[in-house]
Amino acid sequence: MSSISEEERALQLARDASESLASGDLAAAARKLREATSIAPENAQIKEAWEKLRQEEDKSEFLSICKIWVQSKDEADGERALKALKERPLKQKEAEQAMQILNDFKDEDDVLDQVTGELLKNTGAQTWLAQAVRERPTRTYYELFPRGDDSIDGLLKVLLNRSLWPDDATFKESHRDVFQLSLAMLMEEALDHPERAMRGVAQLLAHHANHLQNIIDADSFDVILSSLDIRLPKTLRDQATLASIKLFELSPDTAKELVSKFVTQRTQKGDADNLVIAFSAATAIFPIAVEAASALFLTEGFVSTLVPMVEKKKSHKLIQVTLDLLSAACVDKKCREAVNLHCRDWLDMVADSTDKGRATLAGLILIKLGDEEPPSTDNPQVKTPVKVDQSDLIASFKSMVIGPDAAITKQNSVEALAYASLQAHFREDLSTDRRFLERLIETMSAPSVPGNIVFGGMTIFANITAFLPIQSDEDRRLAQLKAYANVQKPSEPQELLNNEHAIARCTRVLQAGIVPLLLQLSKTPTPNILAQTSQILLNLSNDKASRGLMTQQGAVKLLIAIWEHMASMTASSKTGTAPFPPAAQPAAAQALSRLLISVNPSHAFTSSLPATSAIRPLQSQLIRTESSIWQLHAFEAMLALTNLASLDQATQTQIIRTAFDTVVDDLLLSNNKLLRRAATQLVCNLMGSPYCIEKFADGSPRAKHRLHLLLAMTDVDDTPTRSAAGGALATLLTCGEITITPFLQQEKGVEFLVGLVEDEDEELRHRGVVCLHSVAEVPAGLKAIQEKGGVEAVQRALSEAKSPMVTQACRDALAALKS
């Protein structure tokens, strides 16, 4: 009776499992079947149920959930679908089927947007969507748009993936369709999420503007420019700005004409609303197209009537956007003069107002204008003193950075201080305020810090730490000629800009904690951050006393990472041009050179950061350029490589493979004494590697030439160079017959060594004696030394020796030479 009861229980479990299977709960079905199997493992019905479960599992649990979800519209089913999608990767066919199933889900749903975004990471889903856009673009776009940002982002990825489209014509047509649909969506009144549509416009213009020619008209431009309104969300304005940039790149003349028409028509309407829209557009256009924006700004009668017009409207937003416009216009000299002439009194008044946001922005504009008198006009002017002193403004801006002010106030304050730090006395003032420096670093380190604060802060630190540029002799001559041509005396640099003051400023910035900040910012690098970081670290590295602390704080690793990242960006650029200033990558390499000159390399490198990782950046400094400054860079890089070569044979070998030919075949022949010296010292330190020995002794014509050059360096008019050459030869010749035989083939090889023995410098005499001792080990060498007066030279060196080490070396050598 008991066995029958157990059998019935097993069958009941199998029936329950079938019901779970039918409802799509595959996990519950499997759990029940496992229990049934443990009771009746050989039951045919249970085995059949297992087979159905396996078949259903092959059909994908995710698809089953999606079918249920489309019917139920239940958020819990959506969460189950999202979880299933993330837990198990879909096959391409499954992803296609899922897109088809979810296409019937017409309601707005946040989870549906997340699921769609995840699905569209799969090639199968992307293929399905590409086909849908080809066959029914309008319907597909209008179904995806309300789902959310993830869905539109997925659509844009599909549009930009050429491999998903059968031919170039279809690829291009899809861009034109979605671009026009996005513009049409933006033209709808009271549109929810306009930034979603603008993202489509901006991204398509950014990547394939050439596909969109001839479909951008005045109405299209109107929509984009209207989206720059400061009253609209920043996400929308950012996308509209990107779209505007690309429109100017696509067709500058047309864009200039349409912008001029848009701003003029809105301004002529005269009401506050249209003025806000017009000024917002003009403000955004200034950094994109300065010439076009300046022409509009300087339209006769505009600036002179601007302040009375704004005051008359009594609109807070209009005052705000007017200040924004004046700030943007300061990028142009003529615009600055116009603002200074017609708006200065009003700006002084606003800067002294109780509205902190406006006061800060007005102060920023006054900083940009400086303390200059308004330009003279035909009408008599009454000179009045500047109401707001620049020093007072700087003090106010510093207090806003230090205090708990709102982000927008801090942004304007930091931007103003970035402008002010161009002036030597403000640069000095900012550097001596330890509390300000530390608070600025803390602000820039905060999570989600606005990009404007980071950019402005980096500019402040770059200016504070800046040194006067090194001028070549040619640069100085040109500056003198220019001054004489202008009937002027060549101007002397300000005392606050000299090296002593610059080093002091750098020390203060370093002690405030700038290097840890740069390390943090480099985790999410942009071309601008990389460039400014390189320059700041180069500035800091000018002071030898600071290099140890910089290395301890991670500057060596940071500079190597920056240089490699820049090299990668340049290599992957379609145009072959770097997205950062040309001087940025060399600045990183030069800063690295300076650090590695002054620190023990064994302290700078670890198993995770091998010394060999520094060789490529340093080697890049050895390449000749048109500027004579390259010689300084090459000199510093060779000193750093010489220091690295003292580490181990692995580092020496990598230096030889990477830089040896440039050093020996080019720089060792340089007319510059310091370059010759540094090249010889590097060869001396590399001589511990068998690969370096081979370069001088493999019997090839190049090896013979290199050895001749090294011997010639023992006879130059520079003691450190002669010493390094002697040291290199001493190491080379200890290798026995393999190196002595090619040495003896040099026409005056022994004479060069005798010359070393007779040098005035005792250390050089010591090296010459050691070399002769090694050569004497070979019978032909002994004979040559005896014939060339080597024995007598060593005897004289012994008689003049002051050091016990030199005395002993001479005695040992004479024992070999007289044998």
Side-chain angles (χ1 to χ4, degrees), residues 458-459 461-463 465-475 499 502 506 515 518 521-522 525-544 546-547 550-551 555-573 575-599 604 612-644 655 658-659 661-663 666-667 670 672 674-675 678-679 682:
M458 293 289 276
T459 303
F461 287 121
N463 289 341
T465 60
F467 285 73
L468 289 172
I470 298 173
Q471 284 189 316
S472 65
D473 292 340
E474 183 181 354
D475 292 334
N499 280 3
C506 285
V515 174
L518 299 179
L521 294 177
S522 71
T526 64
N528 178 65
I529 285 178
L530 292 174
Q532 288 189 308
T533 297
S534 299
Q535 189 58 54
I536 291 169
L537 291 173
L538 177 60
N539 295 341
L540 296 176
S541 70
N542 265 295
D543 181 19
K544 293 179 183 178
S546 296
R547 295 172 186 173
M550 290 176 67
T551 302
V556 168
K557 183 176 182 179
L558 175 56
L559 285 165
I560 292 172
I562 287 174
W563 190 93
E564 291 291 353
H565 192 83
M566 287 182 175
S568 174
M569 290 171 73
T570 303
S572 61
S573 170
T575 61
T577 57
F580 41 78
Q585 195 172 356
Q590 190 183 5
L592 180 63
S593 296
R594 289 177 176 174
L595 295 185
L596 294 180
I597 289 169
S598 300
V599 301
T612 51
S613 63
I615 295 173
R616 267 199 352 132
L618 296 177
Q619 187 271 339
S620 71
Q621 295 288 87
L622 304 181
I623 301 170
R624 291 176 180 266
T625 66
E626 293 182 2
S627 170
S628 59
I629 297 298
W630 78 269
Q631 294 183 339
L632 171 63
H633 299 172
F635 175 70
E636 291 175 334
M638 282 193 289
L639 292 184
L641 287 168
T642 301
N643 203 10
L644 285 186
I655 294 172
T658 306
D661 289 348
T662 303
V663 170
D666 182 12
L667 299 176
S670 173
N672 185 301
L674 292 179
L675 285 182
L682 177 54

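The residues of the chain are indexed from 1 along the displayed sequence. No experiment lies behind these values; they were computed from the predicted model shown.
Taking CD of Gln631 as the start and CG of Asn672 as the end, the distance is 4.5 Å to the nearest 0.5 Å. Distance check, rounded to the nearest 0.5 Å: CG of Leu682 to CG of Leu667 gives 9.5 Å. Note that SG of Cys506 is 7.5 Å distant from CG of Asp543, once rounded to the nearest 0.5 Å. Summarising the geometry, atom CE belonging to Met550 is positioned 6.5 Å from atom CG belonging to Leu559; distances are rounded to the nearest 0.5 Å. To the nearest 0.5 Å, atom CG of residue Leu592 and atom CG of residue Leu537 are 10.5 Å apart. Interatomic distance, CG of Leu595 versus CG of Asn643, reported as 11.5 Å (0.5 Å rounding).
Side chain to side chain, Glu636 and Gln590 meet the donor-acceptor criterion of an N or O pair below 3.5 Å.
Taking every heavy atom of both residues into account, Ser670 and Leu675 meet most closely at OG-CD1, 3.5 Å. Minimum interatomic distance between Leu639 and Ala678 (heavy atoms only, all atoms of both residues): CD2-CB, 4.3 Å. Of all heavy-atom pairs spanning Ala614 and Pro617, the tightest one is O-CD, 3.2 Å. The two residues Val599 and Arg547 make their nearest non-hydrogen contact at CG1-O, 3.9 Å. For Leu618 against Ala589, the heavy-atom pair with the smallest separation is CD2-O, 4.3 Å. What you find for Leu596 and Ala640 is that their closest heavy atoms are CB-CB, 3.8 Å.
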Considering only distance and modelled atom types, tabulate donor-acceptor pairs under 3.5 Å from the side chains of residues 529-536, sequence neighbours left out.
unit_1: Gln532; atom_1: OE1; unit_2: Asn528; atom_2: ND2; d: 3.2
unit_1: Gln532; atom_1: NE2; unit_2: Thr459; atom_2: OG1; d: 3.1
unit_1: Thr533; atom_1: OG1; unit_2: Ile529; atom_2: O; d: 2.7
unit_1: Ser534; atom_1: OG; unit_2: Leu530; atom_2: O; d: 2.9
unit_1: Gln535; atom_1: NE2; unit_2: Asn539; atom_2: OD1; d: 2.9

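Using a 4.5 Å heavy-atom cutoff, the side chains of Arg616 and Glu564 are in contact. Using a 4.5 Å heavy-atom threshold, the side chains of Met458 and Leu518 count as touching. Between Ser593 and His633 the shortest side-chain heavy-atom distance does not fall below 4.5 Å.
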Criterion side-chain contact (heavy atoms from CB on, under 4.5 Å) on Leu622 and Leu641, from CA distance to verdict: CA-CA 11 Å; Leu622 304 181; Leu641 287 168; 4.2 Å; yes

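The stretch residues 526-539 participates, sequence neighbours left out, in no salt bridge (Lys or Arg N to Asp or Glu O under 4.0 Å) pair at all.
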